Chemist: 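Below you will find the structure I want to go over with you.
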Amino acid sequence: LKDAARRTDAELDRRLGTTPREGETTRPARLLEAMRYAVLGPGKRLRPFLLIESAALFAADGPEAVRAAAALECIHAYSLVHDDLPAMDDDDLRRGRPTLHRAYDEATAILAGDALLTIAFDIAADASPALVAPLARAAGIGGMAGGQMLDLAAEGRRLDEAETVTLQAMKTGALFRFAAEAGAILGNAPPAERQRMIDFGRAFGRAFQLADDLIDATGDAAAAGKATAKDAARGKATLVALHGIAGARVMLAEMVDEAVALLAPFGPRAAVLAEATRFVAVREG
Ligand code: IPE
Ligand code: IPE
Ligand code: MG
Ligand code: MG
Ligand code: MG
């Protein structure tokens with residue numbers, strides 16, 4: 001994780017410099033600082049790690065994979081900035097620090113999100129043009145942003161299991177699926193292996209969000225770096241709401257096994273990815 005984070009952060013630091021790139025005019029200092037606060041802060045960099053490790057399975061974990069990882073982390077960071085806004089989850093704490101709109105202001109947070117989303121495609125195009133459309137679809141109406149819409153619309157309504165699974169596959173699963181698939185795309189993997197990585201990314205994302213929901217229900221804010229015990233209060237549609245904590249724990253263990261099983265054909269080459277999948281289930285933040 002540390003190594004992937006170091007490589008990704010170096011790329012992000014380079015991309016988020018003060019000098020305008022060709023076609024740009026200036027880079028307003030306050031907006032740039034806000035973007036750097038959001039994306040270079042102390043997160044786990046799990047999506048970059050997953051992308052780079054997936055690319056490594058296909059001997060493609062070079063600079064293109066790091067660029068793709070940086071692009072994906074920009075989208076993730078933007079999604080958190082907007083997720084925390086008063087109009088959405090209304091949170092004050094993120095990664096153990098004030099949320100962006102608290103540290104700056106709401107308008108700056110909205111614009112920092114906009115600019116992180118767009119710079120992601122600048123970086124992705126440099127990684128590989130083949131990644132641009134899959135990234136757009138993972139982030140957009142039929143992926144993360146669409147899932148966030150369903151998440152908000154579901155507040156206070158009881159969704160059934162299938163609806164909850166779909167919502168989570170979109171808001172969280174889509175970016176993890178992209179991380180795993182991007183490795184296969186960069187490595188020109190055969191279609192069956194690309195499909196296997198898609199399935200793995202999806203399964204990983206499902207486990208990840210359930211673990212996040214369990215952290216909200218049972219964890220503490222100090223370890224999580226963000227407020228907990230909020231989902232139930234807001235009436236969020238989660239599998240914890242449907243199955244209770246004990247039931248959700250059983251489901252999480254099954255999801256982790258399912259994701260790890262998908263890696264079996266890759267043999268020991270996928271040992272690190274399998275470890276990461278297990279880590280997701282036991283993490284506290
Ligand atoms: C939090 O993601 C948002 C969810 C999809 C649950 P992470 O837990 O990966 O957040 P950081 O990047 O480590 O802060
Ligand atoms: C966030 O889900 C998913 C995103 C696309 C950002 P949550 O709302 O559960 O994430 P946290 O708990 O605030 O990190
Ligand atoms: Mg949310
Ligand atoms: Mg939230
Ligand atoms: Mg959460």
Side-chain angles (χ1 to χ4, degrees), residues 38-39 41-48 50 72-102 106 109-110 112-114 116-117 120 135-157 159 163-179 201-202 204-242 245 248 252 280 283-285:
V39 77
K44 294 182 287 296
R45 309 291 190 273
L46 208 49
R47 294 155 193 79
L50 206 64
L72 179 57
E73 191 66 9
C74 286
I75 295 200
H76 167 59
Y78 126 73
S79 81
L80 296 180
V81 168
H82 283 191
D83 182 75
D84 290 334
L85 284 170
M88 294 186 69
D89 290 354
D90 192 12
D91 273 303
D92 297 335
L93 189 70
R94 169 69 64 187
R95 296 172 166 174
R97 308 177 306 172
T99 47
L100 190 62
H101 66 275
R102 284 282 176 190
E106 273 181 53
I110 291 168
D114 293 342
L116 283 167
L117 170 58
L135 184 58
R137 291 174 199 177
I141 174 79
M144 187 276 292
Q148 289 284 72
M149 181 81 255
L150 297 179
D151 178 272
L152 294 175
E155 280 189 12
R157 285 196 305 130
L159 295 196
E163 291 170 320
T164 304
V165 167
T166 299
L167 176 175
Q168 299 203 331
M170 290 172 70
K171 80 166 184 175
T172 302
L175 295 191
F176 282 106
R177 175 213 145 136
F178 174 81
R202 251 197 225 120
F204 186 102
R206 208 165 356 145
F208 182 85
Q209 185 62 49
L210 182 48
D212 183 80
D213 295 342
L214 277 164
I215 288 169
D216 181 89
T218 67
D220 68 281
K226 58 187 182 186
T228 53
K230 290 198 67 184
D231 291 346
R234 290 186 81 96
K236 289 286 191 190
T238 67
L239 292 175
V240 177
L242 282 173
I245 287 162
L252 176 58
V280 151
R283 76 204 164 90
E284 293 185 342

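Count residues from 1 along the sequence. Note that ligands are numbered from 1 as they come in the structure, with each ligand's atoms numbered from 1 the same way. Just so it is clear, the model here is predicted, and its values are computed rather than measured.
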Chemist: What is the closest protein heavy atom to atom 1 (C) of ligand 2, and at what distance does it sit?
Modeler: Asp83 OD1, 3.8 Å
Chemist: Return the CG to NZ distance between Asp231 and Lys236, rounded to the nearest 0.5 Å.
Modeler: 7.0 Å
Chemist: Here's one to test your reading of the geometry: is the NZ or CZ of Arg206 within 45 degrees of the ring axis of Phe176 and under 6.0 Å from its centre?
Modeler: no
Chemist: What part of Asp89, side chain, backbone, both or neither, has a heavy atom within less than 4.0 angstrom of ligand 2?
Modeler: side chain
Chemist: Report yes if some N/O of Asp91 lies less than 3.5 Å from some N/O of ligand 2; otherwise report no.
Modeler: no
Chemist: Met170 versus Met144: any side-chain heavy-atom pair under 4.5 Å?
Modeler: no
Chemist: Between Asp213 and Gln168, is a side-chain hydrogen bond (donor to acceptor under 3.5 Å, both in side chains) present by the stated rule, with each step listed?
Modeler: CA-CA 11 Å; Asp213 295 342; Gln168 299 203 331; 2.8 Å; yes
Chemist: Please check this pair: side chain of Arg234 against backbone of Asp89, looking for a donor-acceptor N/O pair closer than 3.5 Å.
Modeler: yes
Chemist: Around atom 5 (C) of ligand 2, find the nearest protein heavy atom and jot down its residue, atom name and distance.
Modeler: Lys171 O, 3.2 Å
Chemist: To the nearest 0.5 Å, tell me how far Asp216 CG sits from Lys226 NZ.
Modeler: 8.0 Å
Chemist: Find all atoms of ligand 2 within a distance of less than 4.0 Å from any non-hydrogen atom belonging to Met144, and give their numbers and elements.
Modeler: 5 (C)
Chemist: Using a cut-off of 2.8 Å, find all protein N, O or S atoms closer to the Mg ion (ligand 4) than that distance.
Modeler: Asp83 OD2, Asp89 OD2
Chemist: Nearest 0.5 Å, please: how far is CG in Leu150 from CG in Leu159?
Modeler: 8.5 Å
Chemist: Identify, by atom number and element, the atoms of ligand 2 in contact range of Gln148, meaning under 4.0 Å from any of its heavy atoms.
Modeler: 3 (C), 4 (C), 5 (C), 6 (C)
Chemist: Quick one: CE on Met88 to CG on Asp83, what's the gap to the nearest 0.5 Å?
Modeler: 5.5 Å
Chemist: Please determine whether a side-chain nitrogen of the Lys or Arg among Lys230 and Asp91 lies less than 4.0 Å from a carboxylate oxygen of the Asp or Glu.
Modeler: yes
Chemist: Measure the spacing between OG1 of Thr228 and CD of Glu284 and express it to the nearest 0.5 Å.
Modeler: 11.5 Å
Chemist: Kindly identify the option in Met88, Met170, Arg94, Lys226 whose heavy atom sits closest to atom 13 (O) of ligand 2.
Modeler: Arg94
Chemist: Against ligand 2, does Gln209 come closer than 4.0 Å with any heavy atom?
Modeler: yes
Chemist: Check contact between His82 and ligand 2, using heavy atoms of the residue and a distance below 4.0 angstrom.
Modeler: no
Chemist: Considering only heavy atoms, does Asp212 approach ligand 2 within less than 4.0 Å through its side chain, its backbone, both, or neither?
Modeler: side chain
Chemist: Tell me whether the NZ or CZ atom of Arg177 lies within the 45° cone about the ring axis of Phe204 and under 6.0 Å from its centre.
Modeler: no
Chemist: Between Thr218, Ile245, Thr164, which is the residue that forms a side-chain contact (heavy atoms from CB on, under 4.5 Å) with Val240?
Modeler: Ile245
Chemist: Which bit of His76 gets closer than 4.0 Å to ligand 2, counting heavy atoms only: side chain, backbone, both or neither?
Modeler: neither
Chemist: For ligand 2 and Ser79, I'd like to know whether there is a polar contact (N/O to N/O, distance under 3.5 Å).
Modeler: no
